[in-house]
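Below: the structure, in structure tokens.
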Amino acid sequence: MKTLTHKFNTKHNTAPFSQIKLDDYQPAFIENISKARAEIDAIINNQDTPTFENTIVALDFSGEQLDRLSSIFFNLNSAETCEQMQKIAQEVSPLLTAFSNDISLNEDLFKRVKAVYDQKENLTLTPEQTTLLDKKYKSFARNGALLSEDKKEKLREIDTELAKLKLTYGENVLAETNKYQLHITNENDLKGLPEDAKEMAKSMAKSKELEGWVFTLDFPSYLPFVTYIDNRELRKEMAIAAGKKAFQGNEFDNKEITLKIAKLRFDRANLLGYATHSDFVLEERMAQNPNKVKSFLKDLLEKAKPAAEREMAQLTAFAKELDGVEQLEKWDGAYYSEKLKQKLFNLDDELLKPYFKLENVLNGAFLVAEKLYGITFNEVFDIDKYHKDVQTFEVYDAEKNLVAIFYSDFFPRKGKRNGAWMTSYKSQSIKNGTNDRPHISIVCNFTPPIESSDSEQTKQTKPSLLTFNEVTTLFHEFGHALHGMLANTTYPSLSGTSVYWDFVELPSQIMENWCYEPEALALFANHYETGEIIPQKYVEKIKESASFLEGMATLRQLSFGILDMAFHSNNPYEISDVKSFEKQAMEGTTLYPDVTENCMSVSFSHIFQGGYSSGYYSYKWAEVLDADAFAYFQEKGIFNKEVATKFKENVLSKGGTELPMELYKRFRGHEPNADALLKRAGLV
């Protein structure tokens with residue numbers, strides 16, 4: 001346990017994964033909470049007059065060991081969990097919630113913070129210090145410090161229950177994902193499926209000691225299946241299985257939990273004086289209020305819907321002509337989209353994948369970062385890792401100063417949730433003149449290397465070859481990672497990705513643009529067997545097809561944002577049934593007939609487990625920013641040092657030290673314009 005309660009005796013103070021036993025976590029949480037509590041008490045009991053340094057700064061740097069422990073534990077609970085870990089999470093979450101509430105509801109501590117806040121006009125503060133002071137004051141005022149005692153108690157109860165429910169929600173989705181498998185023994189059923197996906201399914205069957213092929217709901221298994229399998233009934237079975245996760249009336253059902261979470265969030269907002277959860281959340285976002293978000297979504301919907309309906313008509317006519325399909329269903333979308341794309345552009349993922357070997361793509365992301373920001377990535381083997389698949393890198397600037405530690409974790413496994421995300425094991429800050437550098441990780445679920453053999457003697461491993469969608473996913477998460485790695489702020493709570501939620505996707509989404517540029521692709525898109533650089537005709541087709549069915553894709557993304565706002569900007573006590581509410585909320589955005597057995601809300605982890613409640617719109621919001629920002633790079637050159645330096649200094653390194661719009665305008669010279677996005681998406 002001592003491993004987790006003291007500064008780590010490791011290279012660069014990295015997480016000592018191999019030294020941690022599961023039984024260490026709970027006692028370590030108890031001890032670290034106790035230490036953090038003592039640090040808070042020291043601030044409260046300080047006899048000196050409250051100052052910015054002895055109160056606000058002291059508070060921001062308090063609980064460092066607890067933060068490190070929490071980041072290790074909860075990151076692993078997403079990437080490498082097990083039943084015992086989930087049980088520990090259920091036990092320690094209430095302790096952490098109680099401690100968090102003990103801080104935000106502590107009257108004596110709030111008095112000191114308020115004393116500093118009330119004299120801020122007379123203090124000589126930098127913009128970063130002003131932001132920190134405002135943020136600290138609001139963290140109390142917005143989290144119950146001004147409530148009466150009975151209401152504070154009620155807030156504690158709500159927060160404790162919410163913490164547990166969100167964990168259970170995520171555990172149920174993971175359990176349902178792991179539980180399902182489609183076992184196929186007749187090779188005829190696999191017609192249309194690419195060899196790679198077939199090999200992976202065979203390998204999966206072998207690992208389960210089964211003959212034939214096994215498919216799961218993990219993305220690298222699920223997506224090729226519904227995209228390529230000719231057998232429509234099997235596609236239907238797979239799609240329905242994915243859509244009914246946590247909606248089956250069994251012990252993993254999330255219907256009640258979804259409603260409970262929405263109601264508790266509403267109660268919490270009301271208690272704090274806000275009309276809805278969205279009103280509470282959006283006060284601290286670029287968008288500011290629910291009406292602005294709704295009109296933003298409505299405006300984009302009006303522009304995207306005619307294009308989406310035209311595309312749907314085109315896809316329907318194509319499916320009818322090809323296979324006599326009268327009515328397109330959800331399990332037909334990916335399949336006929338891929339077929340139509342091949343017909344129009346003579347381009348498919350199987351043609352492109354040999355040029356996107358995972359190691360090359362990762363190296364390509366590193367090279368793009370080096371050309372833009374002058375940083376280099378060196379793989380090292382003496383930093384501890386939590387799984388053999390994880391890679392570790394030291395990141396250096398041009399002067400050979402350490403910039404960050406970077407972890408990558410790319411393949412699906414049983415204890416890992418679906419999707420892709422960036423996270424941090426240690427944030428950056430400056431203390432006593434030392435710039436303490438961050439430890440950043442990206443976690444994805446890509447197609448793993450496949451071992452294939454005709455006999456025991458001729459075993460070969462085919463490398464991980466990425467679809468183009470996986471390439472952009474890697475660059476997206478790497479963009480988030482750059483935001484974390486290039487952080488250069490004084491205070492940990494303002495560092496890296498600690499920014500307004502509708503600004504956080506700008507660094508990630510802008511990185512995706514380089515995947516479409518010939519100059520960038522030439523750095524990494526080499527055929528894994530011949531070394532040939534991706535042919536120019538393929539690059540042109542990638543660019544041409546970038547806005548293929550973009551109206552439908554935009555409509556889908558908007559539907560998620562609209563559903564999120566429906567749950568959180570209204571009174572959820574008026575919802576009697578999650579499924580019918582979802583259907584009604586998404587009505588204006590649906591193109592396919594409803595599937596009775598399916599419900600998205602019960603596995604919509606982004607908003608019911610993660611931090612995106614009332615924030616899902618931010619993906620589209622940030623697309624406006626990223627299209628406008630990348631237009632600047634295109635104008636000056638995609639590797640233009642001057643533009644890259646402006647982006648690094650005004651966006652990537654600044655974290656949440658100033659208002660996002662001010663940072664953006666300093667980089668771009670004006671507010672973002674939606675025209676660049678509409679043009680890029682082919683919607684104008």
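A salt bridge links K298 and E302; the closest N-O separation between the charged side-chain nitrogens and carboxylate oxygens is under 4.0 Å. Under a 4.0 Å N-O distance rule, the pair E326/K320 qualifies as a salt bridge. Checked for salt-bridge contact, K292 and D502 miss the test: no charged N lies under 4.0 Å from a carboxylate O. With salt bridges taken as basic N to acidic carboxylate O contacts below 4.0 Å, one links K579 and D594. K541 has no carboxylate O lying under 4.0 Å from a charged side-chain N of E544, or vice versa, which leaves the two without a salt bridge. Look at K138 and E283 and you find no salt bridge, because none of the NZ, NE, NH1 or NH2 atoms lies under 4.0 Å from a carboxylate O.
Contact record, A365 with L474: CB-CD2, 4.1 Å, taken as the closest heavy-atom pair. Nearest heavy atoms, H483 versus P507: ND1-CG, 3.3 Å. Contact detail for D564 and G615: the closest heavy-atom pair is OD2-N, 3.0 Å. Considering all non-hydrogen atoms of both residues, L301 and T589 come closest at CD1-CG2, 3.9 Å. Minimum interatomic distance between F478 and M485 (heavy atoms only, all atoms of both residues): CE1-CE, 4.1 Å. When all heavy atoms of S569 and P290 are compared, the closest pair comes out as CB-CB, 4.2 Å.
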Full working for side-chain hydrogen bond (donor to acceptor under 3.5 Å, both in side chains) between Y222 and N418: CA-CA 11 Å; Y222 173 79; N418 253 335; over 6 Å; no
Test side-chain contact (heavy atoms from CB on, under 4.5 Å) applied to M312 and E309, step by step: CA-CA 5 Å; M312 186 65 177; E309 286 170 340; 5.5 Å; no
Candidate pair D218 and N445, rule side-chain hydrogen bond (donor to acceptor under 3.5 Å, both in side chains), full reasoning: CA-CA 8 Å; D218 285 321; N445 282 275; over 6 Å; no
Trace of the side-chain hydrogen bond (donor to acceptor under 3.5 Å, both in side chains) decision for S601 with E582: CA-CA 7 Å; S601 304; E582 171 181 303; 2.6 Å; yes
Worked check of side-chain hydrogen bond (donor to acceptor under 3.5 Å, both in side chains) between E623 and Q557: CA-CA 11 Å; E623 266 189 64; Q557 195 76 348; 5.4 Å; no
Worked verdict on W331 versus I240 for side-chain contact (heavy atoms from CB on, under 4.5 Å): CA-CA 8 Å; W331 43 89; I240 288 178; 4.1 Å; yes
Step-by-step side-chain contact (heavy atoms from CB on, under 4.5 Å) determination, L352 to L347: CA-CA 8 Å; L352 296 176; L347 183 76; 3.6 Å; yes
Verdict with supporting geometry, F567 and T258, side-chain contact (heavy atoms from CB on, under 4.5 Å): CA-CA 10 Å; F567 269 109; T258 303; 4.2 Å; yes
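Few gaps surround NZ on K263; more than 12 heavy atoms of other groups in view lie less than 6.0 Å from it. Heavy atoms from other residues, nucleotides or ligands lying under 6.0 Å from CZ of R556 number 12 at most. Summarising the local packing, NZ of K294 is surrounded by more than 12 heavy atoms from other residues, nucleotides or ligands at distances under 6.0 Å. Other residues, nucleotides and ligands place more than 12 heavy atoms under 6.0 Å from the CD atom of Q342. Counting heavy-atom neighbours within 6.0 Å of K151 NZ, excluding the residue itself, gives a total of 12 or less.
Interatomic distance, S93 OG to L162 CG, rounded to the nearest 0.5 Å: 11.5 Å. The NZ atom of K620 sits 11.5 Å away from the CZ atom of F560 when rounded to the nearest 0.5 Å. Going from atom OG of S337 over to atom NZ of K341 covers 9.0 Å, rounded to the nearest 0.5 Å. With rounding to the nearest 0.5 angstrom, the CZ atom of F356 is 9.5 Å from the OG1 atom of T472. For the atom pair OH of Y616 and CG of L297, the computed distance is 12.0 Å after rounding to the nearest 0.5 Å. Note that CG of L300 is 5.5 Å distant from CG of L558, once rounded to the nearest 0.5 Å.
Distance alone, capped at 3.5 Å, places no donor-acceptor pair between the K583 side chain and the C599 backbone. The backbone N or O of Q248 lies less than 3.5 Å from a partner atom in the side chain of D253, making a donor-acceptor pair. Remark: the backbone N or O of V173 is not paired with any side-chain donor or acceptor of E176 at under 3.5 angstrom. Proximity of a side-chain donor or acceptor of E477 to a complementary backbone N or O of M422 within less than 3.5 Å is detected. Side-chain N or O atoms of Y169 include one that pairs as donor or acceptor with a backbone N or O of S603 at under 3.5 Å. Proximity of a side-chain donor or acceptor of Y573 to a complementary backbone N or O of F266 within less than 3.5 Å is not detected. Between the side chain of E311 and the backbone N or O of G551 there is at least one donor-acceptor pair closer than 3.5 Å. Between the side chain of R668 and the backbone N or O of D628, at least one donor-acceptor pair lies under 3.5 Å. Checked by atom type and distance alone, the side chain of S653 pairs as donor or acceptor with a backbone atom of K648 at under 3.5 Å.
Counting only heavy atoms from C-beta outward, the side chains of L328 and F318 never approach each other to under 4.5 Å. Between K636 and K646, every side-chain heavy-atom pair lies at or beyond the 4.5 Å cut-off. Between M565 and I562, the closest side-chain pair of non-hydrogen atoms is not below 4.5 Å. Using a 4.5 Å heavy-atom cutoff, the side chains of F280 and R142 are in contact. Put simply, the side chain of R265 does not reach to within 4.5 Å of the side chain of V281, judged on heavy atoms. Counting only heavy atoms from C-beta outward, the side chains of Y180 and M238 approach each other to under 4.5 Å. No side-chain heavy atom of K236 sits under 4.5 Å from any side-chain heavy atom of K330. Annotation: side chain of R268 is in contact with side chain of L155 (closest heavy-atom distance under 4.5 Å).
For E505 and S508, the side-chain atoms include at least one donor-acceptor pair closer than 3.5 Å. Side-chain contact of Y592 with D332: a donor-acceptor pair under 3.5 Å is absent, judged by distance alone. Remark: the T131 side chain and the D134 side chain contain no N/O donor-acceptor pair separated by less than 3.5 Å.
Taking the six-membered ring for Trp and thresholds of 30 and 60 degrees, F604 and H606 have ring planes inclined between 30 and 60 degrees apart.
Annotation: W621 is in aromatic contact with F296 [ring centroid separation under 6.0 Å]. Aromatic ring centroids of Y516 and F468 lie under 6.0 Å apart.
Screening Y612, F608, Y274 against H568 for a ring-ring contact (aromatic ring centres under 6.0 Å, His included) leaves a single residue, F608.
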